[in-house]
2 protein chains.
Amino acid sequence: MIAKRLSELRKKKKWSLQYIADQLNIAKSTYAGYESGYRQPSLEAVKELATLFGTSTDYLLGVVDDEQQTIELTNTSFPITVDGERLTEDEIHQLIAFIRVKREMAKK
Amino acid sequence: MIAKRLSELRKKKKWSLQYIADQLNIAKSTYAGYESGYRQPSLEAVKELATLFGTSTDYLLGVVDDEQQTIELTNTSFPITVDGERLTEDEIHQLIAFIRVKREMAKK
DNA sequence: TAAAGTTGTTCGCGATTCGCGAACCTATGT
DNA sequence: ACATAGGTTCGCGAATCGCGAACAACTTTA
């Protein structure tokens, strides 16, 4: 599974095997092994690859199928900030209302 | 890192080494090696452990901490949705502007 | 209370897998 | 034609794996 995901992500980014190998400080053939399924990356390498590709290890390992996490504002348990300052519950509700009104008006 | 996390999680759940080993179909000594740091679990084992503990591989591997992740709107790394519908770049900018204006007015 | 389990730790063993450079092919550019 | 870059595969030595065994410290059972 990780082999397929790595191959897809790399092609999407149009990166070469050598480039990724350089970023992780491993041999080109080593990384090639990851993509072909001939080798399994170390846990450390998996972490670095997730960072490099801007995705999660859960995605690389196939635990989840979404490359990127999406944040649903109406149902989020995460703190949300603007300019580093956290939004209050009320502010988030205002933003949601704003978006809903905006969309409703766009329909007419 | 994974060793520490596994040990913490197992104790929190009050499970024995043997119980986890049975769930993963590996030897007790093998799992013990994971917790002591003497061995590294396979990628497959990491996935199964995340499922068993009800956590993410990102947490097990130490990519993220248990602390809640905060989403900075001005640095939108994730897609954001309201009622399941994704916000456009413009909409996000409007929300940011809205919050900034609101804060500025609150100062006066 | 003696015997039988349970738990967690560590060890050595054989087998597996790792990471590497080398070699090779194809395509592209000089 | 030659050089360069990307991608694939191979064999090698070294590192690591997963296992059962053995052990001490408790806890449970008879």
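Chain identifiers are assigned alphabetically (A, B, ...) following the order of the sequence lines, protein sequences preceding nucleic acid strands; residue numbering begins at 1 within each chain.
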Peer 1: C/dC20, OP1 or OP2 - any side-chain N/O from A/T30 closer than 4.0 Å?
Peer 2: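 It does, given that an N or O in the side chain of A/T30 lies less than 4.0 Å from OP1 or OP2 of C/dC20.
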Peer 1: So, is B/Y34 near the phosphate of D/dG18, with a side-chain N or O under 4.0 Å from OP1 or OP2?
Peer 2: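 For D/dG18, OP1 or OP2 has a side-chain N or O of B/Y34 closer than 4.0 Å.
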Peer 1: Taking atom P of D/dC19 as reference, at what distance in whole Å does atom CD of B/Q40 sit?
Peer 2: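 Nearest whole value for this atom pair: 16 Å.
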Peer 1: Atom CD1 of A/I26 and atom P of C/dC20: how far apart are they, to the nearest Å?
Peer 2: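 Computing the A/I26:CD1 to C/dC20:P distance gives 6 Å.
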Peer 1: Under 3.5 Å, is there a donor on one side chain and an acceptor on the other for B/Q18 and B/D22?
Peer 2: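 Checked: B/Q18/B/D22 side chains pair up, N/O donor to acceptor below 3.5 Å.
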Peer 1: Between D/dT8 atom P and A/Q18 atom CD, what is the distance in whole Å?
Peer 2: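 Rounded to whole Å, this separation is 13 Å.
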Peer 1: From CG of A/L49 over to P of C/dG19, roughly how many Å is that when rounded to an integer?
Peer 2: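 The distance from CG of A/L49 to P of C/dG19 comes to 11 Å, rounded to the nearest Å.
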Peer 1: Can you tell me the distance, in whole Å, between the OH atom of A/Y31 and the P atom of D/dT9?
Peer 2: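 After rounding, the reported distance stands at 15 Å.
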Peer 1: How is A/L17 classified with respect to the nucleic acid when contacts are heavy atoms under 4.0 Å: base, sugar-phosphate, or nothing?
Peer 2: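 Base, at least one base atom sits under 4.0 Å.
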Peer 1: Return yes if some donor-acceptor pair links the side-chain N/O of A/E72 with the main-chain N/O of B/D83 below 3.5 Å, else return no.
Peer 2: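 Yes: the side chain of A/E72 pairs with the backbone of B/D83.
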Peer 1: Mark yes or no for whether A/T57, through its side chain, and B/D58, through its backbone, hold a donor-acceptor pair below 3.5 Å.
Peer 2: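 Yes; at least one donor-acceptor contact below 3.5 Å.
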Peer 1: Starting at OH of A/Y38 and ending at C1' of C/dT16, how long is that distance when rounded to a whole Å?
Peer 2: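 Rounding to the nearest Å, OH of A/Y38 and C1' of C/dT16 are 12 Å apart.
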Peer 1: Give a yes or no answer on whether the side chain of B/R5 reaches the backbone of B/Y59 with a donor-acceptor pair at less than 3.5 Å.
Peer 2: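 Judged by distance alone, yes, a pair lies under 3.5 Å.
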Peer 1: Where each residue is assigned the nucleotide of DNA chain D containing its nearest heavy atom, which of B/S42 and B/K28 is assigned the position nearer the 5′ end?
Peer 2: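 The residue mapped nearer the 5' terminus is B/S42.
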Peer 1: C/dC18 phosphate, OP1 or OP2: any side-chain N/O from A/R39 under 4.0 angstrom?
Peer 2: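 So the side-chain polar atoms of A/R39 do come within 4.0 Å of the phosphate oxygens OP1 or OP2 of C/dC18, strictly under.
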Peer 1: Spell out, as yes or no, whether a donor-acceptor pair under 3.5 Å connects the side chain of A/R10 to the backbone of A/E35.
Peer 2: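 Checking the backbone N and O of A/E35 against the side chain of A/R10, no donor-acceptor pair under 3.5 Å is found.
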Peer 1: Over how many whole Å does the gap from A/E35 atom CD to D/dT9 atom P extend?
Peer 2: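 Taking CD of A/E35 and P of D/dT9, I get 12 Å after rounding.
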Peer 1: Does C/dC20 have OP1 or OP2 sitting under 4.0 Å from an N or O in the side chain of A/S29?
Peer 2: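 For A/S29, the contact criterion (side-chain N or O under 4.0 Å from OP1 or OP2 of C/dC20) is not met.
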Peer 1: A/L6 has an atom CG; how far is it from atom C1' of D/dG7, in whole Å?
Peer 2: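 It is 15 Å, rounded to the nearest whole Å.
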